[in-house]
Undergrad: 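I'd like to ask some things about the structure below.
A, B, ... follow the sequence lines: proteins, then strands. Residue 1 opens every chain. Model, not experiment: these values are computed from the prediction.
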Amino acid sequence: MQGLNTEQQAAVRHYDTPLLVLAGAGSGKTRVIVEKIVHLIEDRDLPPRGIWAVTFTNKAAREMGERIGQRLPAESRRGLNISTFHTLGLNLIRRETRTLGLRPGFTVLDAEDSLNLIKSLLQLNEQAAGLIEPKEAQGRISQWKNDLVAPDAAAGTAEDPVDAACASLYADYARQLAACNALDFDDLIRRPVELLRDDPEARERWQRRVRYLLVDEYQDTNASQYELVRLLVGPVGRLTAVGDDHQSIYAWRGARPENLQHLKRDFPRLTTIKLEQNYRSVATVLDAANQLIAHDPTTQPKNLWSAVGAGESHRVLVCDTAEDEAERIATDILHRHFKDGSAYRYFAILFRGNHQARLIEQQLRKLSIPYVLTGGQSFFERAEVKDAMAYLRLLANPSDDAALLRIINTPRRGIGPTTLERLGQIARERDLHLAAAARSVAAEQRIDPRVRHQLEQFLDWLEATRERMASEPAVEAMRRLLEEIDYAGFLREQENTARAAERRWENLQDWLEWTERIAEDAETGESLSLAELVQKMSLLGILEQKTRDQNDDAVRLLTLHAAKGLEFPHVYLSGMEEDLLPHQDCQEDDRLAEERRLCFVGITRAQRSLTFTLTRRRRRYGQWRDITPSRFLEEIEPQLLRWEGIGVKKSEEETRATAEEAMATIRAMLGSR
DNA sequence: TAGTGTTAGATTTTT
DNA sequence: TCTAACACTA
C-alpha cells in the first residue's frame, strides 16, 4: 500500500461489491491492478489460481505479469491467471473442447486466413457473389459474432439485399469453419459465452474457478466480451473493472464504451472510484487535455491534476507542406538531442494515419536520427512465417483447409488452381475436408495421373511427418521439414537477390527459436503438445519479440492508436489539421467525439513537453489542398499555445538554411567533445 | 505461370 | 498521384 494515494488504496482494498475504477490517463491504473492482486493473495487469502486478470494485448498481459513478479515470489503467485481475453477464451475452449463439438487439435484462423476463406465462399455463393466485397463481408460477420447474433438470426433481421447476402455468407462461413475444425478470433470469445450461457453446469464450474476477476481497459470491451465477464463473475460479481471513457478510441471496431455504464445496471451494488491524480505529466499538458476533453459531450467529466511540475506552453509549428513539417520535427529533435542532451528514445512523433510516417521517416533518415516505427504491418505479414505456421497447423489439424490451401503448392508441387478447384468440388459433394478429398481422388481416375501422383506423394509425406512429430520435439521436426521441402531453395527461387532470400530464411530461423521458447515456456515445465503449441502461437504473433528487442536509443514513430498506454518525455503531435484529425470520414457526432478522444490520448502521452505541428497545404490524392487547422486546437485555451511560423512562408532556401544551421550546431557540438 | 494492363481507393487494428 | 490487387494474355 505504500506510495498509493487515498483513492488508489480504496480501490485496492475494496472487496465485497463489484468495483469500477475510472482511471484517468496516467493515474497509475496498472499499479492499482497489480497491488490489488497482491492484496487479494496476501490479505484476503485467495488462492492465486482463483484470480483472473484480463487485458486486451499480449504486451499488457506480459507487463502485468512482470510487475507481479517483482512483488511476489514465484511460489505465492503460482497458478495466477493473467492473459488476454482471447487467450482466456482459448483456454476455456481447450478444457471444454468436446462439449463444444470440436475435435482436439482445432485450428485458430487469423484474420488473413479468415478473409481467404470468405473470398472462396463468396465465389460459390450466388446470392452474395459480386454484390459485396470480401472485406466488407468479413467486417459484417465479425460484427454479428461480437454481438452474439447467430447466422439464422442475422438472416432474419437483414434489411437490405447486401445485408441478406452477408447473412447467407455468414452461414456458409460458419459451416465451413465447423467442417475445418477451426475457429476465428471472434469465436474465442463467442463460443465460451454461448457455452456458459446455455449450459448451467459449465457455468457453475467456471464461476467456481473464477474467484475474482480483474479487467483492464474496460471501455474497450465489446458486447461479447462484456457478456463473458458477466457470465464468469456471476451474480455476486467479484469483479474489478478498470477503464477510462476518455480513452475510448476503438468504438469503430466494435468496442462499447457504454459498457462502463451498463455495469451499474447489471450490478446494482457497484461502487465507483475515480482516479484523477496524474503521475505522468506537467500541469500545462493536463490543462490542454482537460480543456479539450471538456468538449466531449459523450463522456463523464473528470479533472486530471498532477504534482509533477508546472510545465511550459505548447508550441504549434505551422509548416508550409508535409515535407516541411517532417523536416522541422526532425531538426527540432536533433537540436534538442544535442543541445539538451535528451536521448532519442525520449521523443515520440504521433500521427493519425500510417501514411504520414513516410515523409517523417525520410527526414529522420536524412539527418541520421535513429527511429523505430511501431505498428504498421510489415513483419506480421511475412509470408515465410505464415507458410511455416500453415505446415504446423496442417500437421496438428488434418482438416485445416486454409492451411492446406496455403502450402499445398508452396513450394511448387504442380498442384495448381484447377486441381484445387476440382478438389474443392469433390470435398463439397462428399462432405470431406480437402486432404480427405485429395486422398479419395488420388485413388481414382478423375484427375490427371501426374497430378494424382503428386497428390499421393504429398499426402504420404504429410502422414509420415505427422507420425514422426508424435515422438520428436516439434521444433526439430519443423527444421527437418523445412529441409525436406527445400524451403531455402524455394526462397532463392522466389527472390531476385540472394540477400533477400537470405533475410527471409533468417526470419524463419528467428521463428524457429521463438517456437522453441514457447514450446518450453509452459508454466508446468512440461512441453506442449503440437496442437497446444500451434494454438498458442496463433494468438501470440511473432511481432511480440521483435518489438521487445528494440529498446535502443531511437525516436518512436507511432499512430495515435498505437500510442495508447505509453508515455514519452517529449511528444510531437503531427498533422493537427481538419480532415486529418478529426479525420475526414469522422465528421458525424459520435465519430467526431472519438477523434477528439484520440487527440486527448495523444496529448496525455506527453510527460514534459508537447509540440503540435500542421501544414498550410497538403497533397491529397494528388491534389494540392489548402488546410484548415484542427478544431481541436481551438478547443484549447490560446494562452496555452505558442504559435510559430504563422504568416511566414518559407522559401526553399530558408528551409535549407534551417537544416544547415542544425547541422552546423551538431558539428560544433561534436567538435567540442 | 509470369508479365502486363486496369481499376478502385486512399483511417485507426488486436486477437 | 500512387499503390496494390485483380483479370487477362502470351
Side-chain angles (χ1 to χ4, degrees), chain A residues 54-61 83-91 93 108-116 119 122-123 130 133-136 138-139 142 145-146 183-190 216-217 220-222 224-225 228 247-255 322 350-359 374-377 380-381 409-410 412 414-418 493-494 496 535-544 547 558-565 575 577 579-587 591-592 594-595 597-599 601-602 618-625:
Chain A
V54 190
T55 62
F56 274 85
T57 64
N58 290 308
K59 190 168 156 232
S83 71
T84 62
F85 264 105
H86 294 267
T87 304
L88 167 62
L90 174 64
N91 288 332
I93 293 170
V108 179
L109 297 185
D110 68 15
E112 191 190 329
D113 298 318
S114 127
L115 188 64
N116 287 334
K119 276 180 191 162
L122 192 53
Q123 284 177 346
E133 293 291 317
K135 268 267 166 57
E136 195 188 343
Q138 189 185 34
S142 172
K145 286 193 170 192
N146 287 329
L183 301 169
D184 64 15
F185 284 139
D186 298 326
D187 289 332
L188 295 178
I189 313 295
R190 197 189 56 122
D216 194 14
E217 303 280 15
D220 288 342
T221 50
N222 62 32
S224 60
Q225 283 159 342
L228 183 59
Q247 293 184 74
S248 157
I249 54 173
Y250 284 112
W252 56 272
R253 64 168 200 220
L350 311 184
F351 33 80
R352 174 69 236 257
N354 280 310
H355 64 276
Q356 291 172 262
R358 267 235 185 99
L359 285 171
T374 312
Q377 44 285 76
F380 222 136
E381 306 286 85
N409 208 29
T410 308
R412 299 267 130 73
I415 304 167
T418 323
E493 223 171 85
Q494 287 275 300
N496 294 321
Q535 286 159 4
K536 197 165 175 188
M537 288 171 73
S538 336
L539 288 194
L540 281 178
I542 195 150
L543 179 89
E544 297 296 316
T547 39
L558 325 131
T559 62
L560 287 164
H561 284 91
K564 194 168 84 157
E577 304 163 13
D579 292 347
L580 215 49
L581 185 69
H583 193 271
Q584 59 177 356
D585 299 347
C586 303
Q587 302 294 324
R591 308 201 73 191
L592 182 71
E594 184 155 303
E595 295 290 295
R597 294 194 294 271
L598 199 50
C599 185
V601 166
R618 194 180 280 272
R619 267 174 117 141
R620 194 127 207 209
Y621 311 144
Q623 292 298 88
W624 280 100
R625 301 219 329 220

Undergrad: Whole-Å distance between B:dT15 P and A:Ile93 CD1?
TA: 17 Å
Undergrad: Taking side-chain contact (heavy atoms from CB on, under 4.5 Å) as the criterion, tell me which of A:Glu594, A:Glu595, A:Glu577 meets it with A:Pro582.
TA: A:Glu595
Undergrad: For A:Gln623, look at atom CD and say whether over 12 heavy atoms of other residues, nucleotides or ligands are found less than 6.0 Å away.
TA: no
Undergrad: Quick one: label A:Phe56 by what it contacts on the DNA or RNA (base, sugar-phosphate, nothing), any heavy atom closer than 4.0 Å.
TA: sugar-phosphate
Undergrad: Does a nitrogen or oxygen in the side chain of A:Arg358 sit under 4.0 Å from OP1 or OP2 of B:dA10?
TA: no
Undergrad: Consider the side chain of A:Thr84, meaning its heavy atoms from C-beta on, and name the nucleotide among B:dT15, B:dT13, B:dT11 that approaches it most closely.
TA: B:dT15
Undergrad: Are the ring of A:His86 and the base ring of B:dT15 both nearer than 5.5 Å at their centres and tilted by less than 30°?
TA: no
Undergrad: Measure CG/A:Asp186 against C1'/B:dT15 and give the value in whole Å, please.
TA: 9 Å
Undergrad: Measuring only the P atom in each nucleotide, how far is C:dA5 from B:dT12? A whole number of Å is fine.
TA: 15 Å
Undergrad: Does a side-chain N or O of A:Thr559 approach OP1 or OP2 of B:dT11 to a distance below 4.0 Å, or not?
TA: no
Undergrad: Quick one: on DNA chain B, does A:Leu188 or A:Glu133 contact a more 5' nucleotide (nearest heavy atom)?
TA: A:Glu133
Undergrad: Could you give the distance separating B:dT11 and C:dA4 at their P atoms, to the nearest angstrom?
TA: 13 Å
Undergrad: A:Lys59 NZ to B:dT13 C1': how many Å, rounded?
TA: 14 Å
Undergrad: From the options C:dT1, B:dT15, B:dT11, select the nucleotide whose nearest atom is closest to the side chain of A:Thr57.
TA: B:dT15
Undergrad: Should the heavy atoms of other residues, nucleotides or ligands under 6.0 Å from CD of A:Glu133 be counted, would the total exceed 12?
TA: no
Undergrad: Which of the following nucleotides, B:dT1, B:dT14, B:dT11, is nearest to the side chain of A:Arg253?
TA: B:dT14
Undergrad: Stacking between A:Trp252 and B:dT12, defined as ring centres under 5.5 angstrom apart with planes under 30°, is that present or not?
TA: yes
Undergrad: Got a salt bridge between A:Asp579 and A:Arg618, using NZ or NE/NH1/NH2 to carboxylate O under 4.0 Å?
TA: no
Undergrad: OP1 or OP2 of B:dT13 less than 4.0 angstrom from a side-chain nitrogen or oxygen of A:Asn354, does that happen here?
TA: yes
Undergrad: Measure CZ/A:Arg597 against P/B:dT12 and give the value in whole Å, please.
TA: 18 Å
Undergrad: Could you give the CZ-to-P distance, from A:Phe185 to B:dT15, as a whole number of Å?
TA: 8 Å
Undergrad: If you assign A:Asn409 and A:Gln584 each to the DNA chain B nucleotide with the nearest heavy atom, which residue ends up on the more 5' nucleotide?
TA: A:Asn409
Undergrad: Determine whether the aromatic ring centres of A:Trp252 and A:His583 lie less than 6.0 Å apart.
TA: no
Undergrad: Whole angstroms only, please: what is the NZ-C1' distance between A:Lys135 and B:dT13?
TA: 11 Å
Undergrad: Report the distance from atom CG of A:Asp110 to atom C1' of B:dT13, rounded to the nearest whole Å.
TA: 13 Å
Undergrad: Kindly point out which of B:dT15, B:dT14, B:dT11 is positioned nearest to the side chain of A:Asp585?
TA: B:dT11
Undergrad: Looking at the side chain of A:Arg412, which of B:dT15, C:dT1, B:dT1 is the nearest nucleotide?
TA: B:dT1
Undergrad: Nearest-Å distance, CG (A:Leu598) to P (B:dT11)?
TA: 14 Å
Undergrad: Using every non-hydrogen atom in the two residues, find where A:Gly414 and A:Asn409 come nearest and quote the distance to one decimal.
TA: N-OD1, 3.2 Å
